[in-house]
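What's counted below: heavy atoms across the whole structure, side chains too, no hydrogens, waters or symmetry copies. Proteins come first, then strands; the chains are lettered A, B, ... in the order of their sequence lines, and each starts at number 1.
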Amino acid sequence: MKYRGYEIIENSSGVLVKNVRDFDPSHIFECGQCFRWNREIDGSYTGIAFWRVINVHRDGENILINNTGADDFKNIWYKYFDLGTDYSEIKSAVAKDDIMRRAVSYGCGMRILRQEFWETLISFIISSNNNIPRIMKIIEKLSAQCGEEIKYGNKTYHTFPSAAALSNASPEEIGICRGGYRCGYISGTSAKMEIARIDKKNLEKKSTPDARKTLLEFPGVGPKVADCVLLYSGIKFDVFPTDVWVKRVMESLYIHKPASLGKIQSFAAERFGALAGFAQQYLFYYARKNKLS
DNA sequence: TTGCAGGGGTCAA
DNA sequence: TTGACCCCTGCA
């Protein structure tokens with residue numbers, strides 16, 4: 001059957017999506033935007049999102065999504081994998097100079113996942129002053145402690161805990177995830193969320209500066225985390241999350257001297273405009289993997 | 001074996 | 001603008 005230009009074939013194990021361009025699972029799942037996808041021995045990735053466990057396998061130009069059906073593909077995964085966006089257009093638009101051309105060619109199969117807002121918020125609070133393997137472990141333990149079980153194959157997985165579940169958890173229960181001082185932020189943000197009830201739609205209606213301002217009111221959320229949340233949950237794409245890596249790359253390759261956060265962001269806004277978020281992602285992936293600067 | 005630096009920042013002074 | 005911060009890992 002056809003769905004929005006894609007030919008999809010449903011079988012007993014999942015859904016095959018034919019001729020998907022600009023889709024490389026390793027670029028998508030290892031570019032630092034998500035923490036709940038694990039590489040399997042066969043090169044496929046298994047992940048948890050939207051209360052489901054799926055396995056994603058690329059076979060040439062086709063993508064096989066296991067443990068799902070056509071309805072979920074249409075209602076969830078089409079949007080989650082941003083399949084409605086033409087990445088070829090984005091890539092040619094941001095590849096304005098040699099640096100960006102190299103970065104785009106390096107991460108050519110990258111896509112920005114439209115992840116769940118709440119999970120993204122807590123995940124990036126956990127990411128601060130932390131490294132990816134440990135971030136993944138903390139999120140895993142937090143989910144095992146406060147999330148709900150899902151079985152897939154012979155394994156048990158856990159959904160990401162709701163704001164209600166986290167705000168009801170005691171400090172001891174949250175502390176089991178070994179998040180250190182971030183555990184206080186998790187509890188504080190969960191409690192605030194139970195009152196504030198901010199959601200994706202809420203933030204989409206706001207201007208980017210206003211949406212950022214709203215997020216900055218949550219404990220543990222600074223400028224970097226706020227921009228990551230806006231970008232990786234698909235709310236705003238004109239943000240330019242600036243961590244130490246992006247800062248180093250921008251200083252060494254573009255600005256050619258030490259620069260403040262504000263300076264880097266205004267440079268990016270001027271150069272990449274509405275596509276700053278995509279540019280950042282190609283740049284970050286390229287810089288990290290090649291250990292640039 | 002033990003000690004120490006540093007990690008995709010944030011907060012408070 | 002600067003240092004502390006919880007915990008884990010890699011490396012002398």
From the set C/dC6, C/dC7, B/dG9, return the single nucleotide nearest to any side-chain atom of A/Val244. B/dG9
Expressed in angstrom and rounded to an integer, what is the separation of [X] atom [atom1] from [N] atom [atom2]?
X: A/Asn129; N: C/dC8; atom1: CG; atom2: P; answer: 14 Å
X: A/Ile132; N: B/dG9; atom1: CD1; atom2: P; answer: 10 Å
X: A/Phe124; N: B/dT10; atom1: CZ; atom2: P; answer: 12 Å
X: A/Ile126; N: C/dC5; atom1: CD1; atom2: P; answer: 21 Å
X: A/Glu217; N: B/dC11; atom1: CD; atom2: P; answer: 12 Å
X: A/Lys141; N: C/dC8; atom1: NZ; atom2: C1'; answer: 9 Å
X: A/Ile264; N: B/dG9; atom1: CD1; atom2: P; answer: 13 Å
X: A/Arg182; N: B/dC11; atom1: CZ; atom2: P; answer: 12 Å

Could you work out the separation of B/dA5 and C/dG3 based on their C1' atoms and round it to a whole Å? 16 Å
With no angle test and no hydrogens, is the base of B/dG9 tied to the side chain of A/Tyr185 by a donor-acceptor pair under 3.5 Å? no
Going by modelled atom types, is there a donor-acceptor pair between the base of C/dC7 and the side chain of A/Arg134 at under 3.5 Å? yes
Quick one: do [X] and [Y] make a salt bridge, cutoff under 4.0 Å?
X: A/Arg114; Y: A/Asp82; value: yes
X: A/Lys247; Y: A/Glu251; value: yes
X: A/Asp98; Y: A/Arg101; value: yes
X: A/Asp97; Y: A/Arg271; value: yes

Hey, does A/Pro219 reach any base, or is it just sugar-phosphate, or nothing, if we go heavy atoms under 4.0 Å? sugar-phosphate
